Amino acid sequence: MTDSLPISAQASAPYLAGLNDSQRDAVLATEGPVLVLAGAGTGKTRVLTTRLAHILAARRATPGQLLAVTFTNKAAREMRERVEAIIGRPTGSWWIGTFHALGARILRRHAEKVGLKSNFTILDADDQLRLVKQMTEGAGVDTKRFPDRAVLALIQRWKDRGLTPDRVTAAEGGDDRRLLAAYTRYQDRLRELNAADFGDLLLHCLTLFREAPEVLADYQRGFKYMLVDEYQDTNVAQYLWLRALAMGHNNLCCVGDDDQSIYSWRGAEIANILRFEKDFPGAKVIRLEQNYRSTGNILAAASGLIANNGGRLGKTLWSAGEAGDKVQVRGTWDGEDEARCVCEEIEALQNRGVSAGRMAILVRAGFQTREFEERLITVGVPYKVIGGLRFYERQEIRDAIAYLRVVAQPDDDLAFERIVNVPKRGLGTAALRTLHEAARAGRMSLTQAAERLLRTDELKPKPRGELAKLLEDFTRWRAMAGAERPADLTAIVLDESGYVEMWKQEKSPDAQGRVENLRELVASLADFDALGGFLEHVALVMENDDAEESEKVSIMTLHGAKGLEFDVVFLPGWEERLFPHQRALEESGAAGLEEERRLAYVGLTRARRKAYVSFAGSRRVYGRWEPAVPSRFIDELPPAHVEVAGTPGVYGGGAVREIERPTGLFSDDDAFAPRQRRRQRAPVIDADSWQVTPPPKKESRFAAGQRIFHQKFGYGRILAVDGDKLEIAFDKAGTKKVMESFVEAA
DNA sequence: ATGTACAAGATTTTT
DNA sequence: TCTTGTACAT
C-alpha cells in the first residue's frame, strides 16, 4: 500500500465495510481541511477512528505524524483501542489524547521558554482557588462584588480565550485594573511555584508558538494529519492551538455537531465550527445525517425541538429504522411523585426484561439526583451516579496526593499548606502566618522558610517541635523515594504521617470508606515506577472509575451524558427555571436559551428506543415549595411524535400545548397528578426486541434487631425484614426502607 | 487553637 | 433545607 494507491482499492479495505457513502467520503478525503458535520447518533466517532486507521493502513503517515485530539481521556482511550483493533498492533506512544495532555507534553519539552522548569506541577481547581484568594487580598479587589470564585472564573475565561495578562483588552473585562492586577500576580505566582493550571497548558503553548517560531515550525512539519473530535466544544485557546499546528500541512479534519454544543459556559465557542470554512478555505464539508441510534419518533421529536434554534448549520437527520414508540410526556405532582413514576416505570421495564444497565436518568442539575437515588434505594433497583465526586477529587485522596507532592517537590507550597496541619499537629493559622511571613521575607518556599524558622525561636516550643518532626519525616520519605516503589512509599507516608490513623479514629459514617479509598490509591500506584509519572497521571488523566458493574441504572447530568447512548432514557424536571435553567437565561439571554435547547436535544438523542420526559407541578427549591411551570421545550416537541401519559381528556389527547403557561398555581389536583391511574398504564414495548433477563430473587441474610451499616445513611438498627427489603432505624437519618444489598453488618 | 453560632448562598464541568 | 464560611468566645 502506498500513497498512490487508487481510491477504489483503498475503499475495498476491510475496515471500510459497513460505512455509508458520506462516512466513507469522510474517511477517504485525506488531503486538505475537512469538516465532518455529524448529527447525533450518526457514527461520527467511528468515522474518526476509521479515518485514523486508514491514514496509517494506507501509509499516508507514520504514527508520529498523526495528532488526534479529544476532550476526555475516556474518548482518547476508546479511540486508541479501536484503532489498535483495526490495524492489529499497539499504538504505543502515539499522539492520541486530550487537548490538555497533548499541551502538557509539548510544554514539558520547552518549559524554560515560557519561564517554567520541565518538572512543573499541574494545579487542581482547589489550588487555583487558594491562589486566587492570596492574589485578591493583595490587589484590593472588591470581594463583595467579585468573590474569589468569580475572579477565578474570570481568569479562566481569559485563559480560555487565549489571553495572557498583557493581552487582555478592555472589551474582555480588562478595564478593571484590580482584577487584571490579580490575574498578573496570579500568573507570576504560578511561575514562582513552578506550576501551571489547566488553562496554562494551552496558554503557554500559544506563547511558545508565538515567541519561538522555530519550535512551532517543527511541530507543523511533524503533524502531517490532525484529527479533532467534538470540534463544537473547542474554546478560543484550543482553536488557536489547533490552527497554529495545522497550518503546516493543512490536513485538519474536525468532527462536530453544532447542535450539541453545550459547553459555552466554560469557554466553548460555537463560532469555531460555524466559521470553519472561512478559516480553512477550500475545506471539504461532509454531512453525516443518517442516524443509526434512535427510533423514528424520538429522532423526529428531537429534530422538531432543535429546529427552534436559529444560527444552525442545519442538518436533516433521518433514520432507516422503525418509528418505534412516541416520546412519553408526563406531568407529576411534585419531585417525589416524579421520582416514584420514573422508578415504577423502571421496575415495569425490568419485569419485561430490560436490564437496568440499559436505562438512564438524565437530569439538568446535580441536586436532582438525590430524589431518584432515594427512590431507587427504597425499591431496590441498583443504580450508579456518574460524574459525582470522582476518585481523585475526594478529600482523603487529595490530601494523600498533597503529601506525595511535597515529597516529590519540597517547594510545592500549595500542597504543603494543605497537609501541614492534617492530621492536627497544632500548626494552625498563627503558625502558618509566621511561616508565610518568613517565606515572603526570604523569597523562598514554605519548606525552606520552615527550616530557617526552626533555627530561631520565633515559634512557640510546641508547634516548633511538631514542625521539626514533620520536616524530618519529609526528609526521610524523600530519601526513601529513590529506593522504594511509589506504592510502598505512599503506604509508608500515609502510615507514618498519622493520616490513615486520623480517619480510623473518625466516627462519621463515611470514614470507613475513606480508609478504603486510601488503600485503593496505594493499589492504583502499583502501575507506576516513578512518583512524577503518577502525579501527572492524577492531574491530567483522572480516569473515571466507572468500570464497575454495568447492570445498574445510570443517573447523570445531561452534560455528562454526551456521547453516550441508552435504550431507555428518562428526562425529568422539564420545568421553566430548572430546564431551561434560570441562570442560563439570566446570564446569556437568547444564546443561553439556545444552549439549553441543545442540551434538551442531546438528552433526547441519547435514547435508542424509549424516551420519557416529565415535569412536576411543584418542586422544593432550597427547602421552599415553589410552583413549577412545564418547560417551554415541552411545547416545542412536535405533537405527532409525543404521547401524553396520564388521564386522557385532561391533556386533550396529546395536545400538550393546551397546558396553560405560565400559571404559577396548581389548585387542580387532577391536572398534574394522575396518581391513582398511574399503575394502570402499561408501557408499550416490543418485547421481542429486548433481551430477557429475569430479575433474581433474594433471601435476606439479616434479622430484626441487628446493627448494620449503610453507605449513605450510616449506622442503624433493623426494625423489620420483608424479603430483601429492610426497615431500618438509622442513628442519624431516621427510619427508612432500604434494600439489603445496600447494607452490611456493623 | 479550637469550638460554637449565625448568616449567606446554593448550575452545568473536563482537564 | 442544608452546607459552608466567618465572626466571636472559650
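Please read all numbers here as calculations on a predicted model, not as lab measurements.
- Taking atom P on both C/dT4 and B/dT11, the two are 12 Å apart, rounded to the nearest angstrom.
- Side-chain atoms of A/Arg583 lie closest to B/dT11 of the nucleotides B/dT12, B/dT11, B/dT15.
- Annotation: of the two residues near DNA chain B, A/Ala584 and A/Thr98, the 5′-most nearest-nucleotide partner is A/Ala584.
- Contacts of A/Gly103 with the nucleic acid, taken as non-hydrogen atoms under 4.0 Å apart, are absent.
- The distance from atom CZ of A/Arg364 to atom C1' of B/dT13 is 11 Å, rounded to the nearest whole Å.
- A/Asp527 places none of its side-chain heavy atoms less than 4.5 Å from the side chain of A/His537.
- For the pair A/Leu107 CG and B/dT15 C1', the computed distance is 14 Å after rounding to whole Å.
- Among the protein residues, A/Arg624 comes within range of no part of the nucleic acid, since none of its heavy atoms lies under 4.0 Å from any strand.
- A/Arg425 meets the side chain to side chain contact (heavy atoms under 4.5 Å, CB included) test with A/Tyr403, A/Asn421, A/Pro423, A/Leu427, A/Glu466, A/Leu470, A/Ser497; sequence neighbours excluded.
- For A/Arg157, the salt bridge (charged side-chain N to carboxylate O under 4.0 Å, His left out) test picks out no residue, with sequence neighbours left out.
- To the nearest angstrom, P of B/dT14 lies 14 Å from CD of A/Gln128.
- A/Leu206 meets the side chain to side chain contact (heavy atoms under 4.5 Å, CB included) test with A/Ala237, A/Leu240, A/Trp241; sequence neighbours excluded.
- The side chain of A/Arg266 has B/dT14 as its nearest neighbour among B/dT11, B/dT12, B/dT14.
- Salt-bridge formation is not detected for the pair A/Arg312/A/Glu594: no Lys NZ or Arg NE/NH1/NH2 atom is positioned less than 4.0 Å from an Asp or Glu carboxylate oxygen.
- One atom, CG of A/Leu585, and another, C1' of B/dT11, lie 12 Å apart when rounded to the nearest Å.
- Using a 4.0 Å heavy-atom cutoff across all strands shown, A/Glu587 reaches at least one base atom of the nucleic acid.
- For the salt bridge (Lys or Arg N to Asp or Glu O under 4.0 Å) condition, the pairs that include at least one residue of residues 122-132 of chain A, sequence neighbours left out, are A/Asp124-A/Arg398, A/Asp126-A/Arg398, A/Asp126-A/Arg418, A/Asp127-A/Arg130, A/Asp127-A/Arg405.
- Applying the salt bridge (charged side-chain N to carboxylate O under 4.0 Å, His left out) rule to A/Arg105 yields no partners; only residues at least two apart in sequence or on another chain are considered.
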For nucleotides 1-4 of chain B, which of its nitrogen or oxygen atoms have a protein nitrogen or oxygen under 3.5 Å away, and what is each distance?
{"unit_1": "B/dA1", "atom_1": "OP1", "unit_2": "A/Gly428", "atom_2": "N", "d": "2.9"}
{"unit_1": "B/dA1", "atom_1": "OP2", "unit_2": "A/Ala430", "atom_2": "N", "d": "3.2"}

Under-3.5 Å N/O pairs linking protein and nucleotides 4-10 of chain C:
none

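- A straight line from OH of A/Tyr601 to C1' of B/dT12 spans 20 Å, rounded to a whole angstrom.
- Taking atom CG on A/Leu558 and atom C1' on B/dT13, their separation rounds to 13 Å, with Å as the unit.
- The nucleotide whose nearest atom lies closest to any side-chain atom of A/Thr557 is, among B/dT12, B/dT15, B/dT11, B/dT12.
- Note: CD (A/Glu586) to P (B/dA10) measures 12 Å, nearest angstrom.
- Side-chain contact annotation: A/Asp258 with A/Gln232, donor-acceptor N/O pair under 3.5 Å absent.
- What separates CZ of A/Phe120 from C1' of B/dT15 is a distance of 13 Å, to the nearest Å.
- B/dT14 has no base stacking with the ring of A/Phe71 when judged by centroids under 5.5 angstrom apart and an interplanar angle below 30°.
- Applying the salt bridge (Lys or Arg N to Asp or Glu O under 4.0 Å) test to pairs two or more places apart or on separate chains, those with a residue in residues 194-209 of chain A are A/Lys159-A/Asp197, A/Lys159-A/Asp200.
- Using a 4.0 Å cut-off, no side-chain N or O of A/Asn73 falls inside it from OP1 or OP2 of B/dT14.
- Looking at the side chain of A/His581, the nearest of the listed nucleotides B/dT12, B/dT15, B/dT11 is B/dT11.
- With C1' as the reference atom, C/dC2 and B/dT13 are 22 Å apart, rounded to whole Å.
- Listed by chain and number, the residues in a side chain to side chain contact (heavy atoms under 4.5 Å, CB included) with A/Ala104 are A/Leu201, A/Glu536, A/Leu540 (sequence neighbours excluded).
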